[in-house]
Novice: 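Please find one structure pasted underneath; my questions will follow.
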Number of protein chains: 2
Amino acid sequence: MVPTTGESGEMPARSRRADAQRNQRKLLAAAADVFVTSGVDAPVREIAARAGVGMGTIYRHFPTRADLVVAVYRHQVEACAEAGPALLASADSPFAALRQWVGLFVDFLVTKHGLATALQSDNDGFEALHTYFIDRLVPVCEQLLDAAVDAGEVRPGTRAYELMRGVGNLCVGGDGDPRYDPRRLVELLLRGLRRPRTS
Amino acid sequence: MVPTTGESGEMPARSRRADAQRNQRKLLAAAADVFVTSGVDAPVREIAARAGVGMGTIYRHFPTRADLVVAVYRHQVEACAEAGPALLASADSPFAALRQWVGLFVDFLVTKHGLATALQSDNDGFEALHTYFIDRLVPVCEQLLDAAVDAGEVRPGTRAYELMRGVGNLCVGGDGDPRYDPRRLVELLLRGLRRPRTS
DNA sequence: TAACATACGGAGCACTGCTCCGCTTTGTCA
DNA sequence: TGACAAAGCGGAGCAGTGCTCCGTATGTTA
């Protein structure tokens with residue numbers, strides 16, 4: 001997570017050359033395009049070419065592939081994280097909130113070709129991606145999960161980290177095969193979380 | 001699944017040169033070693049070197065990486081497949097049998113570094129591996145699942161294929177991280193399968 | 001405009017998967 | 001036993017990757 005100054009916002013970020021800012025923007029746009037087409041593990045050269053910059057430039061702005069992926073999806077991950085407390089406040093019960101929130105996360109993952117795979121890849125260069133998702137989303141999930149446990153809707157004993165990784169794993173391979181629907185399995189997993197007797 | 005004549009058994013497989021058989025055996029042994037050390041996606045060169053043969057030889061015997069992986073693990077997969085009916089006969093209930101059988105499968109996967117990852121990799125060269133596992137194990141799982149549904153222990157609506165892939169996915173990344181235990185999540189998944197009221 | 005820090009670009013290296021074909025080994029048959 | 005196909009072998013070599021390095025170009029500042 002080295003660069004990404006300005007959070008893709010409007011502040012000019014003084015002391016940064018204009019062409020550098022321009023290139024970073026071009027890179028982000030190009031990457032977003034290419035990720036849709038070829039997945040998040042598309043060749044670096046392809047992204048650089050699409051952005052009209054050289055190899056060196058892409059690595060200077062995004063030292064790790066994960067940095068680029070994170071930068072591209074940061075907004076959506078952030079939105080997902082912020083939705084947690086909101087759902088907890090608006091839903092009928094903590095468990096309902098948890099279910100809706102997990103649904104949000106699953107929707108995000110399955111619509112990004114290859115993201116789920118990358119997320120649990122032991123490949124170097126994706127470690128930071130993994131870390132970012134975990135750091136940002138596990139606390140949110142924990143809050144929802146704890147609330148559901150406190151409300152007696154969910155058996156204690158499951159940690160948010162494990163749940164998140166499980167859900168992420170279930171989302172792998174969810175495109176193109178009608179016989180495999182991550183949503184159904186995630187639903188099963190959540191059902192397995194429930195307390196037997198909801199008095 | 002082109003070669004593998006003789007199922008690594010003792011029959012000489014007439015009409016096959018002695019050195020070819022020898023090399024195939026060496027290759028299987030070397031691959032088994034290397035898979036433990038470096039995972040099933042170890043460099044082909046490494047396996048060839050370990051076996052003391054050239055690149056050409058490995059590709060002649062095992063045109064696809066999946067062919068080699070399947071050949072190495074065929075015995076264990078076969079054993080797992082055959083355990084299905086046996087468990088159904090011996091266990092207290094169909095659901096118990098299903099749970100034990102899934103446990104067997106999970107144990108197999110998590111002890112093979114990288115196998116679970118390879119299994120759901122969209123990488124070419126692993127497709128045949130995927131196919132083999134599905135073809136061999138899904139019918140077994142289906143038998144157990146159907147029995148559990150018939151016994152009223154499990155809600156209908158889940159297909160064996162989906163369950164198998166879900167379980168396989170959950171097994172990814174199960175080594176080295178004490179915070180992620182595939183077994184716990186698989187247990188959750190199975191619990192989610194159960195019928196609410198077991199009259 | 002001059003001068004300097006900053007950033008760019010892509011040649012190049014290392015490492016893969018996989019193929020191709022000249023050479024070697026094996027089995028057979030007289 | 002010797003010779004000769006056929007079967008099999010080996011590894012050079014190509015193509016596609018990730019990532020680095022440094023000579024060159026560009027922006028910025030005075």
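Convention: sequence-line order gives letters A, B, ...; per-chain numbering from 1.
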Novice: With a cut-off of 3.5 Å and sequence neighbours excluded, list every side-chain donor-acceptor pair involving residues 170-177 of chain A.
Specialist:
from: A:Asp177; atom 1: OD1; to: A:Arg179; atom 2: N; distance (Å): 2.9
from: A:Asp177; atom 1: OD1; to: A:Arg179; atom 2: NE; distance (Å): 3.4
from: A:Asp177; atom 1: OD2; to: B:Tyr161; atom 2: OH; distance (Å): 2.5
from: A:Asp177; atom 1: OD2; to: B:Arg165; atom 2: NH1; distance (Å): 3.4

Novice: Taking ring pair (Phe, Tyr, Trp, His ring centres under 6.0 Å) as the definition, give me every residue that meets it alongside A:Tyr180, ordered by chain and number, with sequence neighbours left out.
Specialist: none
Novice: Quick check on DNA chain C: between B:Gly125 and A:Thr57, whose nearest nucleotide comes earlier from the 5' end?
Specialist: A:Thr57
Novice: In whole angstrom, give the distance that lies between atom CD1 of A:Ile58 and atom C1' of D:dC21.
Specialist: 17 Å
Novice: Starting from C1' on D:dA25, measure out to CZ on A:Arg60 and report it in whole angstrom.
Specialist: 12 Å
Novice: Determine all donor-acceptor pairs shorter than 3.5 Å in which one atom belongs to a side chain in residues 113-129 of chain B; sequence neighbours excluded.
Specialist:
from: B:Gln120; atom 1: NE2; to: B:Asn169; atom 2: OD1; distance (Å): 3.4
from: B:Ser121; atom 1: OG; to: B:Asn123; atom 2: N; distance (Å): 2.8

Novice: Kindly state each residue pair satisfying side chain to side chain donor-acceptor pair (under 3.5 Å) with at least one member in residues 96-108 of chain A, sequence neighbours excluded.
Specialist: A:Arg99-A:Glu187, A:Asp107-A:Arg183
Novice: Go through the structure and list residues passing salt bridge (Lys or Arg N to Asp or Glu O under 4.0 Å) with B:Arg22, not counting sequence neighbours.
Specialist: none
Novice: Rounded to the Å, how far apart are A:Leu68 CG and D:dG18 P?
Specialist: 12 Å
Novice: Which residues satisfy the ring pair (Phe, Tyr, Trp, His ring centres under 6.0 Å) test with B:Tyr73, sequence neighbours excluded?
Specialist: B:Phe108
Novice: Applying side chain to side chain donor-acceptor pair (under 3.5 Å), which residue pairs with at least one partner in residues 138-150 of chain A are found, sequence neighbours left out?
Specialist: A:Glu142-A:Arg159
Novice: CG of B:Asp41 versus P of C:dT16: gap in Å, rounded?
Specialist: 11 Å
Novice: Remember a base hit wins even if backbone is also touched, and classify B:Ala42 as base, sugar-phosphate or nothing at under 4.0 Å, heavy atoms.
Specialist: sugar-phosphate
Novice: Using whole Å, report how far CZ of B:Phe126 lies from C1' of C:dG17.
Specialist: 12 Å
Novice: Between D:dG8 and B:Asn23, is there an OP1 or OP2 to side-chain N/O distance shorter than 4.0 Å?
Specialist: no
Novice: Taking N or O atoms only and anything under 3.5 Å, show me the protein contacts with nucleotides 27-30 of chain C, one pair per line.
Specialist:
from: C:dG27; atom 1: OP1; to: B:Ala18; atom 2: N; distance (Å): 3.3

Novice: Nearest-Å distance, CZ (B:Arg22) to C1' (C:dT25)?
Specialist: 10 Å
Novice: Whole angstrom is fine here: how far is it from OH in A:Tyr59 over to P in D:dC22?
Specialist: 18 Å
Novice: For the side chain of B:Arg155 and the backbone of B:Gly192, is there at least one donor-acceptor N/O pair under 3.5 Å apart?
Specialist: yes
Novice: Does B:His61 make a side-chain N or O approach to OP1 or OP2 of D:dG8 shorter than 4.0 Å?
Specialist: no
Novice: Quick one: B:Asp124 CG to D:dG16 P, roughly how many Å, whole number?
Specialist: 14 Å
Novice: Polar pairs (N or O, both sides) under 3.5 Å between protein and nucleotides 13-15 of chain D?
Specialist:
from: D:dG13; atom 1: O6; to: B:Arg45; atom 2: NH2; distance (Å): 2.9

Novice: Any heavy-atom pair between the side chains of B:Ile47 and B:Arg50 that's under 4.5 Å?
Specialist: no
